[in-house]
Amino acid sequence: MSNTILDINNLVVSVGKKPGATKIIDGISIQVRERETLCLVGESGSGKSVTSLTTMGLLPKGTLVPTSGSVKLVGEELLSATDRRLRQLRATQMAMIFQEPMTALNPVVPVGRQIDEVLRAHTDLDGRARKKRILDMMEHVRLPQVERIFASYPHRLSGGQRQRIMIAMALVLEPKLLIADEPTTALDVTTQKQILTLIRDLQRDHGTAVLFITHDMGVVAEIADRVAVMRQGRLVETGPLDTVLRNPTMEYTRNLLSSVPSLVPRPPRAQSREPVVLEANELGKIYKERSFFGKGREVVAADKVTLTLRKGRTLGIVGESGSGKSTVARCIVRLIDPTSGGVRLAGREIADISRRLLQPHRQKIQIVFQDPYRSLNPRVTVGESIAEGPVNYGVAHADAMKRARELLELVGLPADAVSRYPHQFSGGQRQRIAIARALALDPDVLVADEAVSALDVSVQAQVLELLDEIQKRLGIAILFITHDLRVAAQICDEVVVMQHGRVVEQGPAAEVLTHPKEAYTKALLDAAPGRDWDFANFRPVSEGVGATA
Amino acid sequence: MLGYLVRRIFAAVPVMGVVALFVFLLLRLTPGDPAAILAGDNATPERLERIRTSLGLNEPLIVQFVTWVNKLLHGDLGTSLISNLPVMKMISQRVEPSISLALATIILAVIVAVPLGVIAAWKHGTWIDRFVMGLSVLGFSVPVFVVGYLLIQVFAIELRWVPVQGFRSIFNGFGPFFERIILPTCALSFIYIALIARMTRAAMLDVLGEDYVRTARAKGINEVAVMMRHALRNAAVPVITVIGTGFALLISGVVVTESVFNIPGIGRLTVDAVLARDYPVIQAMILLTSLIYVIVNLLIDVAYTLLDPRIRY
């Protein structure tokens, strides 16, 4: 039995100090041992991040307060430790890496100096020794050209490189505990895989205990030794990885696992003979960066993208960040103007007609965006938001509002939601509102740009189901942009795989996602976390072969 | 960096050109005869004619403009209608007091206001924060001349520590310069302290919520380093903007302070010129003020690129 590094016992964290205040964390107990990775899993609002910040002593002062229980690091109580003692422990005994490598580093300080700060604060090494140690550590986290990166500012580095810098910063003093708060959520799958492997390897070399926080069951399957499931500030279930994935005892865990979309594509639907509603032909978009004098830079965001979408079908565009998938979507909807190529919407060429002539065609194609928190105007009621489109096209206000009520019911919300404001709804509900808003114009094509990416899995599953149902009822065509192969596998009839603005591979989803032809598609599928697990059926994929088919 | 600087200086040329054109047309396009405006109400026909010839008013407009700009580039801003002195000379005599006062004010304001703002943000919501904010409301609401006369009353008349009024050049010794500039500086900096402290606090509060500040704390470095190294530098951009525009405003807006403390600066020169309709002086002042704004903006932009490596033009 190895040593317990982190021992959280019956921890309660409340909003403010008053007795009877709302409890954000309500009596959770977890232990992390040496050389062990404990995955803390939960949906948003489950309190997993608060747990980690409590351990680090980084809770926002005065608003969230640990009111009872204990948090012990190698036997030392942290809740009663002084600020000074906590500062000493940070980076030396416990370290943390965060979700957003883009914002977690100070933009105006070279990254080498940011790592150096840790050594300055906690060691007596001289400048040369510190630099050597930092460069060693940077090599250790497999950064290339360490001397150059040492002097670079964060914005010059990729997301993966920044996260490596964060890891180097966290581990340079070999702390006993590493807390990783969604460290790969903001990264592309291929980078995510590298970072997960890196954390695993470093942990093995140094015997670090890792508290890994994530919402992604795929990641859990990749990295966890043990799993703790949290929900609304309580611990639902905890146990070894295999046990939790195979035999979850609690209803909530079962639901959570069942909601994880499978990488195995859904059974293909019969070939469609319906008319083509949307066609992109050799679509191209070049961004020109103009400079005051001299030549500007050109960025090819989309290059000769050709795709076809039939009525009642779903076409997925999948790719990592910077692949050009959103650019293509925005060109098709004409939110931005393509530089070359054509877009035919219901038989009419719209790529190069003027904005004024385009106006009557706009209603045939509608878009739903990624972030439901920012895509609805917070000062306008839900009903007005939905009715605005039809009113623009000449529908009487009263009729448009009546339609808004119907649409809200169609997307599974009460009709009286029309008079409420967006902040009164959850993320999933807002995305339903956004869908209702798009449908208000009776479009032929619905473009969903990462429309479920910001949602928790259980909500994600519901929204995907809703889209499917709407498609069956209204025969609408859906262009579905996503970085998530699991989601693509569950909703798309055809997929287009994009990389660096080009189409790498396209074809029926069942074909492309099971027998990819191109190396890049293979790499993408390979990097998908938890690809060996069939979560919804509580077994590894290999055991399921033959059983379902 | 150097290339950027050169490009920016070149970009300032058209701006100054437009200002020059405006200043030129100011006199030519005002209704009525410019010569009559310049000569005043009871001028003889001979005098009018003399003014016309000297300004070249009988030439085509474009020729007049070229001649005027040409003179301008040679440092000839014309002659004052009141004192008959070259405008260039009048202004150059008056610039030093104003620049001294503006610089002293902005330096004092920054030294006092930035730490106040940082502390207020750091101790956000406590009595320290409320105290600083209260001070800043006071700074905004008390007029400069009130503060000025109060300071004179206390420090010059009652305590007799410093002279009541006047100005001495710093080139004639620091002591006399300092004891005369200190009171106007304090009076004038009051409002700027309020402004800059507010801005610093707001910018700091924004930055303190950023992820990298949390990262810095997670590293176990002390709070002072978190504040100075990580927060303040990131909060600096809006603060620098306020300081810069504040300085430019100071140059042209010091007239009240100059009057209270009887300082012979350009603020008073401008007011006198406007009251006397001394057009050549007014024109020169507009040009000078715009030039200062252009230069200050240039300096602000350069400061941005130094502070934030992400800003590139």
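Just so it is clear, the values below take in all heavy atoms, side chains as well, and ignore hydrogens, waters and symmetry mates. By convention in this document, chain letters (A, B, ...) are assigned in the order of the sequence lines, proteins followed by strands, and residues within each chain are numbered from 1.
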Rounded to the nearest 0.5 Å, what's the gap from [atom1] on [X] to [atom2] on [Y]? Could you check?
X      : Y      : atom1 : atom2 : value
A:M138 : A:D136 : CE    : CG    : 11.0 Å
A:L211 : A:I8   : CG    : CD1   : 6.5 Å
B:D301 : B:L306 : CG    : CG    : 11.0 Å

For [X], is the [atom1] atom crowded, meaning more than 12 foreign heavy atoms sit under 6.0 Å from it?
X      : atom1 : value
B:F140 : CZ    : yes
A:D126 : CG    : yes
B:M88  : CE    : no

Fill in the blank from the handout: Applying a strict 4.5 Å limit to non-hydrogen atoms, the region of A:L105 in contact with chain B is backbone

Problem - Residue among A:Q114, A:M56, A:E117 with most heavy-atom pairs under 4.5 Å to chain B - result: A:E117

Which pair of heavy atoms, one from [X] and one from [Y], lies closest together, and at what distance?
X      : Y      : answer
A:I25  : A:G47  : CD1-O, 3.1 Å
B:A218 : A:L58  : CB-CD1, 3.7 Å
A:G112 : A:I134 : O-CD1, 4.0 Å
B:V294 : B:M16  : CG2-SD, 3.9 Å
A:Q203 : A:V210 : NE2-CG2, 3.6 Å
A:P66  : A:T54  : CG-CG2, 4.0 Å

Handout entry: B:W68 and B:F24 aromatic ring geometry - parallel, tilted or perpendicular at 30°/60° bounds
Key = tilted

Problem - Toward chain B: residues of residues 157-184 of chain A with heavy atoms under 4.5 Å - result: A:M166, A:M169

Exercise for the section: May I ask you to list the residues in residues 82-103 of chain A that approach chain B closer than 4.5 angstrom, counting heavy atoms only, ordered by number? Expected result: A:R87, A:R90, A:A91, A:F98, A:E100, A:T103

Practice task
Could you check if a side-chain atom of A:I115 sits within less than 4.5 angstrom of a side-chain atom of A:F150, using non-hydrogen atoms only?
Solution key: no

Problem - Side chains of B:L72 and B:L77 in contact at under 4.5 Å (non-hydrogen atoms) - result: yes

Exercise for the section: With a 4.5 Å heavy-atom cut-off (strictly below), which parts of residues 195-216 of chain B touch chain A? List them by number. Expected result: B:D211, B:Y212, B:R214, B:T215

Practice task
Could you list which of residues 227-239 of chain B have a heavy atom closer than 4.5 Å to any heavy atom of chain A, in residue-number order?
Solution key: B:R229, B:H230, B:R233, B:N234

Handout entry: A:L73 and its side-chain contact (heavy atoms from CB on, under 4.5 Å) partner, picked from A:D7, A:T55, A:I5
Key = A:I5

Practice task
Just do the side chain to side chain contact (heavy atoms under 4.5 Å, CB included) check on B:I119 and B:F131 with the steps written out, would you?
Solution key: CA-CA 11 Å; B:I119 291 170; B:F131 176 73; over 6 Å; no

